[in-house]
Amino acid sequence: MTETLFSNSELLAADGLGPWPLLVRPEEAVNVKRACELSGKTDRTIRDWCRQFGIGGAMAGSQLRISAPGLMMVVHGDVAALEFLRQGNRSHPRVLRYFDELGIRV
């Protein structure tokens with residue numbers, strides 16, 4: 001279902017290179033194990049979502065850092081919130097609700 005919600009999004013096709021990666025601040029970053037716990041998804045799914053939706057990344061040889069709010073937006077199929085976050089609009093009410101739910105200060 002998540003793949004269907006995001007696959008036709010015009011917002012993700014901005015430059016033909018797929019979604020721009022989120023800028024993940026240290027206070028919102030989680031590792032793969034914690035992302036699996038938060039989402040109830042497998043390691044493989046989390047890694048696929050990071051590539052597909054740009055919610056996490058790592059430098060070569062580094063641990064994958066995932067945006068917890070971005071992850072939850074994907075889980076809930078909230079394309080609009082994910083795009084606001086991608087644009088850096090962390091104060092939008094649609095984005096703030098994820099930060100609030102996770103107990104992360106903006």
Any idea how Phe84 and His92 line up, ring-wise: parallel (<30°), tilted (30 to 60°), or perpendicular (>60°)?
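Parallel.
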Would you check if the side chain of Ser39 reaches a backbone N or O of Ala35 as a donor-acceptor pair within less than 3.5 Å?
yes
Given side chains that start at C-beta, do those of [X] and [Y] come closer than 4.5 Å, heavy atoms only?
X      : Y     : value
Val106 : Ser91 : no
Tyr98  : His76 : yes
Val75  : Leu38 : no

So which heavy atom on Pro69 is nearest to which on Leu85, and how close?
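That would be CB-CD2, 4.4 Å.
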In short, Gly70 meets Leu22 closest at the heavy-atom pair CA-CD1, 3.9 Å
Nearest-0.5 Å distance, [atom1] of residue [X] to [atom2] of residue [Y]:
X     : Y     : atom1 : atom2 : value
Ile46 : Leu71 : CD1   : CG    : 5.0 Å
Met73 : Trp49 : CE    : CH2   : 13.5 Å
Met72 : Ile66 : CE    : CD1   : 12.5 Å

If you look only at distance, which donor and acceptor atoms sit under 3.5 Å apart when one is on a side chain in residues 23-32 and the other is two or more places apart or in another chain?
residue, atom, partner, partner atom, Å
Glu28, OE1, Arg90, NH1, 2.6
Glu28, OE1, Arg90, NH2, 3.4
Glu28, OE2, Ser67, OG, 3.1
Asn31, OD1, Lys33, N, 3.3
Asn31, OD1, Arg34, N, 2.8

Could you list all the salt bridge (Lys or Arg N to Asp or Glu O under 4.0 Å) pairs where at least one residue sits in residues 49-71, not counting sequence neighbours?
Asp48-Arg51
Would you mind listing every salt bridge (Lys or Arg N to Asp or Glu O under 4.0 Å) that reaches into residues 91-106, with sequence neighbours excluded?
Asp78-Arg94
